[in-house]
Amino acid sequence: MSIRVAARSLVFVPLTFMVPILVVAAALGIGVLLIAATGASVPTAISAFWTGAFGSSYAIGASLNRAVPFALVGLGFILAEKANLINVGGEGQIAVGGMMATAAALYGAANLPPILAITVPLLVGALAGALWGGIAGMLKVKRGTNEVISTLLLSFVALNLVYWSVQTTTLLRKPQTTAATQPESPVIPQSTWLPPLTSDPASPLHVGLVIALVAAASIGITLAHSTFGLRLRAIGLNPLAARRAGMSEKLPLLALALAGGLGGIAGAAMVQGDQHVLKIGFSSNYGFDGVVVGLLSRGSAVGVVIAALFFAFLRSGGITMEMLARVPSAVVWICQGLIVIALAGSAAWLDYRAKKGRGR
Amino acid sequence: MLKSQAAGKPAAKVTSDVPILQLSGISKQFVGRAALRDVSLSFEAGKVHCLLGENGAGKSTLCNIIFGIHQPDTGEMRFDGASFRPSEPADSLAAGIAMVHQHFSVIGAMTVVENLMLGRTYGRLQRHRAAEKVRALSEAYELPIEPFRLVEDLSVGERQRVEVIKCLMREPRVLLLDEPTAVLPPLEIEALLDVCRKVAARGRAVLLVTHKLAEISEIADLVTVLRAGQVVDSGSPADTDISRFVHSMIGRDIASLDQTLAASLGTKSEAADDESKAVNTRTKVNALMVDGVSYHDAAGVRRLDNVTIEIRGGEIVGIAGVEGNGQSELGAILSGLATPSSGRVFVGDTETTRANPKAITAAGAGIVPEDRHATACVMPMSVAENLFMNDLRRFSRLGLVRRGAMLREAEDLMLRYDVRASGPDAPMASLSGGNQQKAVLARELSLDPLVFLLAAQPTRGLDIGAVSAVYERIRAARDNGVGVLLISSELDELLSVADRVLVIFRGRIVGELPATQSSREAIGRLMAGHPSTEIAA
């Protein structure tokens with residue numbers, strides 16, 4: 001009996017590594033077939049992907065910058081998930097964060113001393129995101145509203161707030177000089193831009209990456225080793241017992257506000273980091289993909305960083321592939337979806353196997 | 001193997017020498033742990049066979065094997081002499097084995113008849129024909145039930161009747177009952193045992209799983225005792241001293257057990273009362289004051305009606321009542337999970353009417369809630385985390401948990417309260433029910449200050465050793481000047497542990513009696529809702 005168990009676990013350990021790699025390879029294989037089916041040249045497409053993801057210091061810098069919002073939203077997701085809350089509102093939290101950071105940068109913060117000029121818009125963005133997450137948290141605590149629904153619907157509200165703010169000259173729209181003036185904000189003052197991380201002028205890499213890594217480290221430690229993390233876990237696993245033990249009923253509110261705050265920082269970092277202008281749809285699904293990052297990380301901060309990097313390089317490569325090899329963007333999205341399903345499916349399958357092994 | 005027919009048992013039993021169901025050498029392992037080892041048993045027509053054992057002794061596993069939920073690793077079963085290997089409950093049902101589970105499997109929003117027809121009819125529902133059958137059965141076995149009532153409106157006892165009728169409708173040859181009396185008030189227990197007798201009298205074999213000795217001496221033709229998965233004793237209660245079974249069941253002598261516990265097992269004589277009652281320990285300190293509390297639930301139904309309870313330090317006050325008469329609501333109010341509609345609550349000298357759980361804890365109330373899983377523990381978290389859940393600040397440095405210190409103190413507390421686990425890091429879920437409860441007691445009794453303890457159904461589902469430990473702790477707290485409110489549906493428990501007993505019926509306190517054996521009948525009547533005037537009659 002014990003020998004059989006031991007033998008199984010010997011097979012099992014490499015399996016947990018092999019299965020995800022194999023299924024991702026299979027998903028990529030299907031992607032290659034789809035690319036071929038669209039009539040594009042497969043070698044051209046692959047080389048375009050490589051160029052876009054890793055081909056230059058620009059490509060690498062841009063990819064790493066993309067990882068920042070993925071990681072921040074993913075971290076917020078796992079934080080709320082600890083308290084058994086599903087925050088799918090990353091998109092809206094990014095949107096309000098970016099919008100309010102832009103407002104702060106345009107209305108005054110730019111004239112503050114150097115460090116404050118950068119941090120004040122970031123903080124304003126964080127607070128706006130926290131408010132957005134907090135509304136869902138308040139609804140949850142006071143009324144028991146399902147946070148999946150409230151965070152999702154609040155995202156649509158936020159996206160339209162951005163739309164409204166950049167359409168309205170009295171708010172954030174840049175002065176209309178010609179009929180062709182785009183509905184977007186003016187460029188925010190350079191004093192509020194996130195400083196570059198490297199001296200390489202070709203690389204767009206900015207300190208957002210450092211912010212994301214520091215956030216990952218602190219969230220990781222908080223969840224695993226702090227009393228706050230323990231409380232979140234208790235209330236997530238058994239709210240009644242946690243309440244009986246004197247824990248605050250408002251913890252879910254705090255968890256969602258913190259998750260929203262991380263999303264807000266992500267939005268602010270996108271605007272202050274590389275976009276420098278607030279445009280309609282500037283959040284371009286980073287918030288929704290960030291949820292997927294959080295899901296794939298399976299509750300670990302390190303997992304979030306890995307998944308965020310994976311998604312960032314995938315997206316960079318995909319964009320270039322679309323431009324250079326004329327592969328339809330839909331194919332890139334299909335590939336991404338397949339990879340997510342493959343990873344989630346293999347994780348579920350491994351869990352099932354482990355459980356079945358224990359049950360015997 | 002057990003053929004001796006008890007002398008002096010009620011006659012008119014159909015007996016035969018060939019057992020209906022025979023188990024030989026049954027063994028079953030779960031993840032390397034032996035749940036059953038080489039168990040051999042036989043069930044004969046017309047006999048009530050009692051299976052006695054502590055929690056975890058393997059009683060339920062054995063039932064589940066007979067009923068086809070689990071399959072044995074080794075050994076074989078013979079039904080009517082032929083090899084019998086059920087691979088699922090449907091096989092056992094088809095063979096003529098029915099089981100009343102510990103937990104009910106009825107649907108509240110459906111009527112009795114509809115529940116009974118579930119999975120047994122195809123095509124058109126012939127409610128009235130089914131109702132005829134139900135009435136016939138309920139008359140034959142004296143199981144009064146109204147076929148067209150909604151199950152959710154039935155009492156616990158009535159719901160169980162539905163379960164029993166559900167089994168009897170299949171006209172089983174073997175009827176298994178897994179701890180059916182655990183949830184019943186005293187009067188209903190009598191009725192159920194009566195049904196068992198009648199079922200056996202019709203030539204069926206009955207297997208009754210229990211850990212109550214009083215029931216055994218009343219009904220069993222044969223007793224088999226399981227301990228740690230093995231048959232350690234068997235015999236007929238008619239010619240065996242009942243205390244021998246206790247000894248076999250727990251592996252130690254009944255004399256070594258707590259007096260009150262012996263009483264709760266139903267083995268203590270009624271004369272030996274009161275020596276554990278500590279009238280002298282009652283102090284003048286107010287422990288709990290519930291002043292005219294009423295409570296309406298979310299649907300507006302009145303669950304508590306002008307309840308007044310006053311507890312001084314150093315006494316144990318019991319609340320007797322059939323479950324569902326407001327005890328849960330009272331517990332929720334005292335623990336801060338519900339707010340009374342009117343009236344006031346004081347813990348010590350602090351008003352806690354509208355206080356949250358944290359403030360109630362701070363006022364000095366320890367709470368052992370009735371549902372350990374739902375409100376006392378976070379099962380997937382570690383024992384240490386559960387022990388200090390209400391006092392995390394003690395182990396916090398810069399917001400981080402000082403895990404080493406927490407584990408050390410947890411180990412210490414576990415030692416003092418005899419909480420057995422593989423370590424303070426073990427998940428709460430891995431502990432037995434008894435050890436979980438001891439951990440909850442350890443947490444609540446180490447509160448400082450502690451002036452009041454609520455113990456709601458504190459021994460439900462626990463094995464005898466753990467019950468003994470729980471009683472010891474509660475009495476020790478009382479002797480230290482803590483006022484205790486003991487809510488229990490076990491009358492024996494109340495009579496032996498409490499100093500006085502209040503009876504609750506439909507949310508009202510309908511009487512107060514001293515907790516002596518002589519109050520038993522009066523309390524039982526009050527619990528059933530008979531006005532106290534009838535007691536004299």
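In what follows, chains are A, B, ... by sequence order, proteins preceding strands, each numbered from 1.
With sequence neighbours excluded, no residue satisfies side chain to side chain donor-acceptor pair (under 3.5 Å) with B/K28.
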Step by step, would you call A/I221 with B/L400 a side-chain contact (heavy atoms from CB on, under 4.5 Å)? CA-CA 9 Å; A/I221 291 170; B/L400 297 186; 3.9 Å; yes
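The interface of residues 364-373 of chain B with chain A, defined by heavy-atom distances below 4.5 Å, comprises B/I367, B/H373. When the heavy atoms of residues 377-391 of chain B are compared with those of chain A, the residues falling under 4.5 Å are B/C377, B/V378, B/P380, B/M381, B/E385, B/M389, B/N390, listed by number. Contact annotation for residues 233-255 of chain A against chain B (heavy-atom separation below 4.5 Å, listed by residue number): A/R233, A/A234, A/L237, A/N238, A/L240, A/A241, A/R243, A/R244, A/A245, A/G246, A/M247.
Atom CZ of B/R394 is surrounded by more than 12 heavy atoms from other residues, nucleotides or ligands within 6.0 Å. Within 6.0 Å of CG in B/D349 there are 12 or fewer heavy atoms belonging to other residues, nucleotides or ligands.
In this structure the side chain of A/T227 never reaches within 4.5 angstrom of the side chain of B/R393, judged on heavy atoms.
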